[in-house]
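Please read the structure below before turning to the comments.
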Amino acid sequence: MNSNALMSPSVRFSLFNLIKEGLSGNAGWPRQWRDPEPQPAYDVVIVGAGGHGLATAYYLAKEHGIRNVAVLEKGWLGGGNTGRNTTIIRSNYLWEESEALYEHSVKLWETLSDELNYNVMYSPRGVMMLAHNIHDVQVTKRHIHANHLAGIDNEWLTPEEAQEFCPILNISHDIRYPILGAALQRRGGTARHDAVAWGYARGADRLGVDIIQNCEVKGIRRDASGKVTGVETTRGFIGAGKVGVVAAGHTSVLMGMADIRMPLESYPLQALVSEPIKPIMPCVVMSNTIHAYMSQSDKGELVIGAGTDQYVSYSQTGGLHITQHTLDAICELFPMTRRLRMLRNWGGIVDVTPDRSPIIGKTPVEGLFVNCGWGTGGFKATPGSGHVFAATLARSEPHPIAAPFTLERFTTGRLIDEAAAAAVAH
Amino acid sequence: MLLIHCPYCNMKRPETEFRNAGAAHIARPLDPATTSDAEWAAFLYLRDNPKGIIAERWRHAHGCGRFFNAIRNTVSDDFVTTYKAGEAPPETEAFASEVAPGSREANATGKQAETAL
Ligand SMILES: Cc1cc2nc3c(=O)[nH]c(=O)nc-3n(C[C@H](O)[C@H](O)[C@H](O)COP(=O)(O)OP(=O)(O)OC[C@H]3O[C@@H](n4cnc5c(N)ncnc54)[C@H](O)[C@@H]3O)c2cc1C
Ligand SMILES: [Zn+2]
């Protein structure tokens, strides 16, 4: 099948279409993207069809006119961390470089459903981060001041104000880690994880990008000068002018194929959901100090997560004691959840850098680019990451917002140390 | 939860008694004054992060308190073996086959023109 022969029918989602399809059993929706055979070569090959890889392909086609692009995925699109995360979105990071990057992303979230004509269910319901001791209070207030200097909203709440915003919060003084206050970013919130991957996939596909699933990259081929010429895959060799690796927990494995060692370690990060209940939770609440965070999905499930397991692993599972530790904290913060049953728990493999900031840009190998190191907190950055990485790939020069996030910073020492800011999941 | 064999206590104990301390056998540069930025970066930050066999440090924090090393498969999380700090990594078959292709030396030069594939 020729990849260009069968473009998806251009049905736009609209109120009219929804009503029409609703009345006719929803039988008339066309498939949302093609299932093309790989072409012999592309201008750009993206490795990894998570949200970041798909967004990269979308912006390459949309903003840079580079449409001869393939996204290769070893499993199914959105089946990695994109489909496993707890969807917290915020931009109240400490350092200017991070503020610019995450705020760029939040701004894109605000209009993303319109941009893609796909409901990504972005819900700016507010993200509240709790402070439990003097150190927390000082660090949190420092963040708030830093954010104000950057024009990013973030405000200090007393325990009473925090409880007013989230009535089920336990602000009693008698608990082991009483709440001393909180930072609230009102523009923070959540979005629907799958919809983000699907929306970008549909958008990229329509612009001519080939999304090739069940296609694992096994090697990176280079010519005598060392320049990348393409990738070896389970579906044969695919030539490429440029290769962008966007493979989250598997980045070290892929970069190893081009003999590059990365400043990354891959850890399991777990999450779980409760049985669905009526709405009790109007916002997202996070506590980095006692390792727990929670929000409520539109289905009614409480979505709960915490910190990583302690050892390098690719097993997509983790220890039960980590989950238990999280639930201990949840039960103390939200006593009304104590008798809830948990429905499912799972793990993803997150790629963690020493300074907890991502790496976006060029590599020592010509034609090879990487976007990784998003660790426990890259879902929120999906639109912004794809946007700046597409520009970086198109121009072979870092986008200004991506420029500080180089691989070289680990040699020059110019780290962007968000580790202290949120060493736990976010 | 992992069950981990402490080579000092000579017992399998639950993971919650231990702290993982990252990749093993990373030697600090001997002469800081002549160590280049790239060598410091390699020592401080670059890691093999293997999908397969890893050599790593653990500390029996809530037991004997001592550091030791382990060989573990990062796909199954099974331990191949554990051994005392200061001992050379055992020549287990699984470990040897992992270290050979694309070994650290080959990776460090980064000069190979073409991959084997
Ligand atoms: C439990 C959990 C909770 C999280 N919670 C949050 C949160 O609340 N907020 C937040 O901002 N972030 C969160 N994150 C982090 C977030 O999920 C990630 O940073 C983000 O989704 C990464 O997106 P990605 O597209 O880079 O990676 P992925 O979605 O993992 O995509 C990478 C893709 O590459 C593919 N791939 C790998 N190797 C190959 C190969 N050799 N060939 C072809 N394809 C390959 C994989 O199959 C995968 O689909 C969480 C993560 C987890 C695991
Ligand atoms: Zn011991």
Side-chain angles (χ1 to χ4, degrees), chain A residues 217-229 231-233 237 249-268 309-322 324-325 349 351-355 363-365 407-413 415, chain B residues 1-4 14-24 26 35-59 61 70-79 98 101-117:
Chain A
V217 171
K218 302 288 249 182
I220 295 177
R221 200 188 276 185
R222 289 181 278 161
D223 65 17
S225 72
K227 187 184 179 315
V228 164
T229 57
V231 292
E232 314 284 350
T233 80
F237 175 76
H250 279 80
T251 304
S252 295
V253 177
L254 280 150
M255 298 299 279
M257 296 171 191
D259 301 321
I260 298 174
R261 283 179 88 204
M262 295 296 288
L264 290 173
E265 288 184 303
S266 296
Y267 300 105
D309 279 74
Q310 56 170 335
Y311 46 84
V312 167
S313 177
Y314 289 78
S315 63
Q316 288 202 141
T317 175
L320 186 60
H321 60 291
I322 301 286
Q324 190 184 343
H325 178 63
I349 299 302
D351 46 334
V352 176
T353 59
D355 61 1
T363 72
V365 172
L407 193 50
E408 290 89 67
R409 74 177 186 271
F410 297 98
T411 307
T412 63
L415 303 188
Chain B
M1 175 159 345
L2 308 177
L3 275 180
I4 304 174
E15 182 194 334
T16 45
E17 291 187 10
F18 298 84
R19 286 304 296 171
N20 182 286
I26 297 178
T35 302
S36 70
D37 288 353
E39 285 162 342
W40 277 120
F43 164 69
L44 288 169
Y45 302 127
L46 303 187
R47 295 292 177 262
D48 285 349
N49 196 24
K51 184 173 184 173
I53 297 298
I54 193 172
E56 64 187 358
R57 301 161 76 220
W58 287 88
R59 180 168 176 249
I71 305 291
R72 184 173 53 86
N73 185 326
T74 63
V75 178
S76 61
D77 290 337
D78 286 339
F79 284 89
E98 169 62 25
S103 69
R104 275 164 220 159
E105 286 70 37
N107 285 346
T109 66
K111 278 184 194 138
Q112 272 170 297
E114 227 161 349
T115 53
L117 280 159

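It should be emphasised that the depicted structure is a prediction, and the values quoted were computed from it without experimental measurement. Residue numbering restarts at 1 for every chain, and letters A, B, ... go by the order of the sequence lines. Both backbone and side-chain heavy atoms feed into the values below; hydrogens, waters and symmetry mates do not.
- For A:Leu264, the parts lying under 4.5 angstrom from a heavy atom of chain B are both the backbone and the side chain.
- Taking CD1 from A:Ile349 and NZ from B:Lys51, the interatomic distance works out to 9.0 Å, rounded to the nearest 0.5 Å.
- Heavy atoms only, all atoms of each residue included: B:Asn49 and A:Ser252 are closest at ND2-OG, 2.8 Å.
- Nearest approach of B:Pro50 to A:Tyr314, heavy atoms of both residues: O-CE1, 3.1 Å.
- For A:Leu415, the part lying near chain B is the side chain, with the backbone staying farther off; criterion is any non-hydrogen pair under 4.5 Å.
- Atom CZ of B:Arg47 sits about 12.5 Å away from atom OG1 of A:Thr353, to the nearest 0.5 Å.
- Using a 4.5 Å cut-off on side-chain heavy atoms (C-beta onward), B:Ile54 and A:Tyr311 make no contact.
- Residue A:Val312 touches chain B through both its backbone and its side chain, counting heavy-atom pairs closer than 4.5 Å.
- Looking only at heavy-atom pairs under 4.5 Å with chain A, the residue among B:Val75, B:Thr16, B:Leu2 that has the most is B:Leu2.
- In terms of the salt bridge (charged side-chain N to carboxylate O under 4.0 Å, His left out) criterion, residue partners of B:Asp77 (sequence neighbours excluded) are, by chain and number, B:Arg72.
- Atom-to-atom distance recorded for B:Leu46:CG and A:Leu407:CG is 7.5 Å, nearest 0.5 angstrom.
- Scored by the salt bridge (charged side-chain N to carboxylate O under 4.0 Å, His left out) test, B:Arg59 finds no partners at all (sequence neighbours excluded).
- The two atoms that bring A:Gln310 and B:Phe18 nearest to each other are NE2-O, 3.3 Å, heavy atoms only.
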